[in-house]
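Worth saying up front: this structure is predicted, and the values here are computed from it rather than measured.
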Amino acid sequence: MMHTFFLYFGREWSLMFRNTSSLIQPLVFFIIIALLFPFSLPAENGLLQSIGGGVIWVAAVLATVLSLETMFYTDYLDGTLEQSLIHPRSLSIAMLGKILAHWSGTGLILSLFSPVLCLTFNIPSEQIWVLFTGLLLGTPSLSLIGAIGAALTVTLRRGGVLIAIIILPLYIPILIFGAGMLTQSAQGLPIASQLYALAAILVLALTLAPFAIAGALRATID
């Protein structure tokens, strides 16, 4: 099982480094969406500071959705996905390796870059770490849940809009707890409940999503 996981994890990273646009595009999109607000809203009255966390979370969600369309489509076109379906190795473990590689190339990079964006919103340093921690816990769930939508639309050439329609409603709890954690912190209230909620969603997604993705791929391609 671990061999299968690392085989697909390593293969995905190798493909991402060959096609660096898959690494750069979500990050650039994330930065542009987040920076539109400081450039278009007045900086007085703490408005930017109060909305900054929510804006960065929404930008991270949209950047993740942007990266999902090609998650399985290239493998579907060159036959790799079909070979994975008929191979005796565990398809769910293989997809878990592929998805965690996708997260490390998108969600992890977005999380690491989020403190820089916080500076443009005048977010205090103690809240920057709250946002960073929330994104580290929330973005793996975005990739895992998003992969289910990508698997259901893998045979469609322009499935990006359909993926967004399928998965954006499922992202709402992550967005609520993630952005709410920053609001609670700004008011001096404890954030443990939001942290536990994000961790619970991640555990649930890690447990169930690989099987849902494997089932969706078999149903879609067969």
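By the rule that hydrophobic residues join a cluster once side-chain heavy atoms approach within less than 4.5 Å of another member, Met95 and Leu85 end up as members of one cluster. Clustering ILVMFWY residues whenever any of their side-chain heavy atoms sit less than 4.5 angstrom apart, transitively, puts Leu162 in the very cluster that holds Val65. No continuous path of ILVMFWY side-chain contacts below 4.5 Å connects Phe30 to Leu108, so the two sit in separate hydrophobic clusters. Leu77 is connected to Phe72 through a chain of hydrophobic side-chain contacts under 4.5 Å among Ile, Leu, Val, Met, Phe, Trp and Tyr, so both are in one cluster. Linking Ile, Leu, Val, Met, Phe, Trp and Tyr residues whenever their side-chain heavy atoms come within less than 4.5 Å places Phe29 and Phe113 in a single cluster.
Taking each heavy atom of Gly53 and Leu182 in turn, the nearest pair found is CA-CD2, 3.1 Å. Across all non-hydrogen atoms, the minimal contact from Ser90 to Thr4 is O-CG2, 3.9 Å. Nearest heavy atoms, Pro210 versus Ala205: CD-O, 3.6 Å. Residues Tyr8 and Ser84 approach most closely at OH-OG, 2.6 Å, considering heavy atoms. Of all non-hydrogen atoms in Leu48 and Phe121, the two that sit nearest each other are O-CD2, 3.4 Å. When all heavy atoms are compared, the tightest approach of Ile167 to Ile145 is CG2-O, 3.8 Å.
Going from atom CD1 of Ile51 over to atom OG1 of Thr183 covers 11.5 Å, rounded to the nearest 0.5 Å. The CD1 atom of Ile99 lies 9.5 Å from the CG atom of Leu206; values are rounded to the nearest 0.5 Å. Distance check: Trp103 CH2 to Ile109 CD1 gives 10.0 Å after rounding to the nearest 0.5 Å. Put simply, OG1 on Thr74 and CG on Leu81 are 10.5 Å apart, with the number rounded to the nearest 0.5 Å. Here the CD1 atom belonging to Ile163 is positioned 12.0 Å from the CD1 atom belonging to Ile148, to the nearest 0.5 angstrom. Put simply, CD on Gln127 and CD on Gln184 are 11.5 Å apart, with the number rounded to the nearest 0.5 Å.
None of Leu135, Leu110, Val61 except one satisfies the side chain to side chain contact (heavy atoms under 4.5 Å, CB included) rule with Ile56; the exception is Leu135.
With a 4.5 Å cut-off on side-chain heavy atoms, Tyr73 and Thr155 do not count as touching. Side-chain contact check for Thr120 versus Phe37: every heavy-atom pair is 4.5 Å or farther apart. Counting heavy atoms from C-beta on, the side chains of Asp75 and Lys98 come closer than 4.5 Å. With a 4.5 Å cut-off on side-chain heavy atoms, Ile176 and Gln194 do not count as touching. The shortest distance between side-chain heavy atoms of Pro26 and Thr64 does not fall below 4.5 Å. Contact annotation: the side chain of Tyr76 never approaches that of Glu82 to less than 4.5 Å [non-hydrogen atoms, C-beta and beyond]. The shortest distance between side-chain heavy atoms of Ile128 and Leu119 falls below 4.5 Å. Looking at Leu27 and Thr106, their side chains never come closer than 4.5 Å, going by heavy atoms from C-beta outward.
Between Phe9 and Phe5, the two ring planes are parallel [angle under 30°; tilted spans 30° to 60°].
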(request) Just do the side-chain contact (heavy atoms from CB on, under 4.5 Å) check on Ser67 and Gln25 with the steps written out, would you? (result) CA-CA 8 Å; Ser67 68; Gln25 284 179 358; over 6 Å; no
(message) Assess the residue pair Leu144 and Leu202 against the criterion (side-chain contact (heavy atoms from CB on, under 4.5 Å)); give the C-alpha distance rounded to whole Å, side-chain angles, the decisive distance to 0.1 Å, and a yes or no.
(response) CA-CA 9 Å; Leu144 287 160; Leu202 176 56; 4.2 Å; yes
(message) Could you walk me through whether Thr133 and Ile191 satisfy the side-chain contact (heavy atoms from CB on, under 4.5 Å) test, starting with their C-alpha distance in whole Å, then the side-chain angles of each, then the deciding distance to 0.1 Å, before giving a yes or no?
(response) CA-CA 11 Å; Thr133 306; Ile191 59 171; over 6 Å; no
(request) Go through Arg11 and Thr80 one step at a time and tell me if the side-chain contact (heavy atoms from CB on, under 4.5 Å) criterion holds. (result) CA-CA 11 Å; Arg11 177 182 178 276; Thr80 303; 3.4 Å; yes
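In this structure, the side chain of Ser104 engages the main chain of Ala101 through a donor-acceptor pair within 3.5 Å. In this structure a side-chain-to-backbone donor-acceptor pair under 3.5 Å is present from Thr153 to Gly149.
Using modelled atom types, one finds no donor on one side chain facing an acceptor on the other under 3.5 Å when comparing Tyr171 with Ser141.
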